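Quick one: the structure is below, questions incoming.
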Amino acid sequence: AEINQDPIVMEHFPALKTYDETEKFVHANMHLYKNNDLCLYAVEIKDTGEFIGFVGLLRVDFNLPFVPAVEILWRIGSKYWGQGYAYEAATALCDYAFNDKHLKVLVSFTVPANIRSVRLMERLGFVHEQVYDFDHPKIPSDSRLCRHVFYRLINKNV
């Protein structure tokens, strides 16, 4: 809840999440996990077990030309930014997606102003495919957060 209420973390999202919204979000994710579906995973500091955010794989649940697709996503507490945690966790998750789940492609997207996420996508090897940039169907068309850039990573082992 602290991460979802941090204005720095949530700058590129439509709104901060309330405690109740976060609780529903966590329970929905637990349901996915229990059903062996794609889901989000806690990111913790190894030495202390301190929760610092999450990374995950989710099925894209709206209709656009690149769907069906599996999205990789992350949200890390702002006090942990710049320390390599998101990169380490996302790298491990890409490996899991390709080698254990045998996925052929991962996608990721964000608003163009979210430079940190764009840089992370590129560092992970994702490629910007401008032809698929889109207006997010779950965000009002007059919002500064509507337009999204689209990135794709292809499993080279397939």
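Owing to the predicted nature of the structure, the values given are computational and were not obtained by experimental measurement.
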query = So, do Leu103 and Asn155 sit near enough that their side-chain heavy atoms are less than 4.5 Å apart?
reply =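 No - every pair of side-chain heavy atoms lies 4.5 Å or more apart.
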
ask   = Quick check: are there more than 12 heavy atoms from other residues, nucleotides or ligands sitting under 6.0 Å from CZ of Phe51?
value =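 Yes, because the 6.0 Å sphere around CZ of Phe51 holds more than 12 heavy atoms from other groups.
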
Residue pair Ile52 / Ile3: nearest heavy atoms and the distance that separates them =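 In this case the closest contact between Ile52 and Ile3 is O-CD1, 3.4 Å.
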
message = How long is the straight-line distance from CD of Glu71 back to OG1 of Thr110, given to the nearest 0.5 Å?
response =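 Rounded to the nearest 0.5 Å, the OG1-CD separation comes out at 9.5 Å.
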
request  = Give the cluster check for Met121 versus Val111: same hydrophobic cluster or not, with ILVMFWY residues linked at side-chain heavy-atom distances below 4.5 Å.
outcome  =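 No, no single cluster joins them.
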
inquiry  = Quick check: closest heavy atoms across Arg116 and Gly82, and the distance to 0.1 Å?
reply    =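 Nearest heavy atoms, Arg116 then Gly82: NH1-N, 4.2 Å.
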
Heavy-atom neighbours of Lys104 NZ exceed 12 at 6.0 Å =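 Atom NZ in Lys104 is not crowded, with 12 or fewer foreign heavy atoms closer than 6.0 Å.
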
request  = Ignoring hydrogens and angles, tell me if any N or O in the side chain of His27 forms a donor-acceptor pair with the backbone of Phe25 under 3.5 Å.
outcome  =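 Such a contact is absent between His27 side chain and Phe25 backbone.
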
task = Starting at CZ of Arg119, measure out to CG of Asn114 and round the result to the nearest 0.5 Å.
result =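 The CG atom of Asn114 is 10.5 Å from CZ of Arg119, to the nearest 0.5 Å.
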
key: Where Cys146 and Ser141 come nearest, the two heavy atoms and their spacing   =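 For Cys146 and Ser141, the tightest heavy-atom pair comes out as SG-CA, 3.8 Å.
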
task = Could you state whether Tyr96 and Tyr87 fall into the same hydrophobic cluster, counting links through intermediate Ile, Leu, Val, Met, Phe, Trp or Tyr residues with side-chain heavy atoms under 4.5 angstrom apart?
result =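 Same cluster: Tyr96 reaches Tyr87 through Ile, Leu, Val, Met, Phe, Trp or Tyr contacts under 4.5 Å.
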
inquiry  = Does this structure show an ion pair linking Lys79 with Asp6, if we count only N-O contacts that are shorter than 4.0 Å?
reply    =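 Answer for the salt bridge query: no.
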
task = Using the six-membered ring of Phe13, assess whether NZ or CZ of Arg75 lies under 6.0 Å from its centre and within 45 degrees of the ring axis.
result =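 Ring-cation test returns yes.
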
task = Would you indicate whether the side-chain heavy atoms of Val127 and Arg152 approach each other to under 4.5 Å?
result =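 Sidechains of Val127 and Arg152: no contact.
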
query = Which heavy-atom pair separates Ala90 from Leu124 by the least distance, and what is that distance?
reply =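 So the minimum-distance heavy-atom pair works out to CB-CD1, 3.6 Å.
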
query = Do Leu38 and Arg59 come close enough that some side-chain heavy atom pair is under 4.5 Å?
reply =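 Contact flag for Leu38/Arg59 side chains = yes.
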
query = Can you tell me if Asn35 uses its side chain to pair, donor with acceptor, with the backbone of Asp37 under 3.5 Å?
reply =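 Side chain of Asn35 to backbone of Asp37, a donor-acceptor pair under 3.5 Å: no, none is there.
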
inquiry  = Let me check something: do Val43 and Ile8 share a hydrophobic cluster, defined by ILVMFWY side-chain heavy atoms less than 4.5 Å apart, either directly or through other members?
reply    =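 Yes: a chain of side-chain contacts under 4.5 Å links Val43 to Ile8.
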
ask   = Are Tyr19 and Gln5 close enough, and set up right, to give a side-chain hydrogen bond (donor to acceptor under 3.5 Å, both in side chains), and what steps lead you there?
value = CA-CA 8 Å; Tyr19 181 85; Gln5 292 176 357; over 6 Å; no

query = So does Asp100 have more than 12 non-hydrogen atoms from other groups sitting under 6.0 Å from CG?
reply =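 Enclosed.
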
key: Worked verdict on Leu57 versus Leu93 for side chain to side chain contact (heavy atoms under 4.5 Å, CB included)   = CA-CA 8 Å; Leu57 301 170; Leu93 195 60; 3.9 Å; yes

message = Less than 4.5 Å apart, side chain to side chain, heavy atoms only: is that true for Ile45 and Tyr80?
response =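 Yes, side chains in contact.
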
request  = Could you go through the side chain to side chain contact (heavy atoms under 4.5 Å, CB included) check for Leu145 and His136 one step at a time?
outcome  = CA-CA 8 Å; Leu145 302 174; His136 201 295; over 6 Å; no

ask   = Is there a donor-acceptor contact under 3.5 Å linking the side chains of Trp74 and Ser108?
value =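 No.
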
Check: Thr18 main-chain N/O paired with Glu21 side-chain donor or acceptor under 3.5 Å =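 Yes: the side chain of Glu21 pairs with the backbone of Thr18.
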
task = Taking the side chain as every heavy atom from C-beta outward, state whether Cys94 and Leu106 have any pair of such atoms under 4.5 Å apart.
result =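 Yes; the side chains approach each other to less than 4.5 Å.
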
task = Find out if a path of hydrophobic residues (ILVMFWY) with successive side-chain heavy-atom gaps under 4.5 Å connects Leu73 to Tyr33.
result =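 In one cluster: no.
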
message = Is any side-chain heavy atom of Val70 closer than 4.5 Å to one of Leu58?
response =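 Not touching, per the 4.5 Å side-chain cut-off.
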
inquiry  = To check you understand the geometry: which heavy-atom pair defines the closest contact between Arg147 and Asp133, and what is its length?
reply    =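 Between these two residues, the closest heavy atoms are NH2-O, 3.4 Å.
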
key: Whether Asn29 side chain and Leu40 backbone form a donor-acceptor pair below 3.5 Å   =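 Here the side-chain-to-backbone pair exists.
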
Ser143 side-chain N/O to Ile139 backbone N/O, donor-acceptor pair under 3.5 Å =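 Side chain of Ser143 to backbone of Ile139: no pair is present.
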
request  = Kindly give the cluster partners of Leu64, where membership spreads through any ILVMFWY side chain lying under 4.5 Å from a current member.
outcome  =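 Reading the cluster by chain and number, Leu64 sits alongside Val60, Phe62, Phe66, Val67, Val105, Val107, Phe109, Val131, Tyr132, Phe134, Phe150, Ile154.
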
inquiry  = Is there a path of hydrophobic side-chain contacts, each under 4.5 Å between heavy atoms, that joins Tyr41 and Leu120?
reply    =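 Yes, one cluster joins them.
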
task = Apply side chain to side chain contact (heavy atoms under 4.5 Å, CB included) to the pair Lys17 and Lys24, showing each step before the final yes or no.
result = CA-CA 10 Å; Lys17 301 283 186 202; Lys24 287 177 187 172; over 6 Å; no

query = How about Ile72 and Val55: do any of their side-chain heavy atoms sit closer than 4.5 Å?
reply =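 Sidechains of Val55 and Ile72: no contact.
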
query = Quick one: does Val118's side chain get under 4.5 Å of Val149's, heavy atoms only?
reply =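 With C-beta onward as the side chain, the pair touches.
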
ask   = Distance from Cys39 atom SG to His31 atom NE2, nearest 0.5 Å?
value =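 Spacing of SG (Cys39) from NE2 (His31) equals 11.5 Å.
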
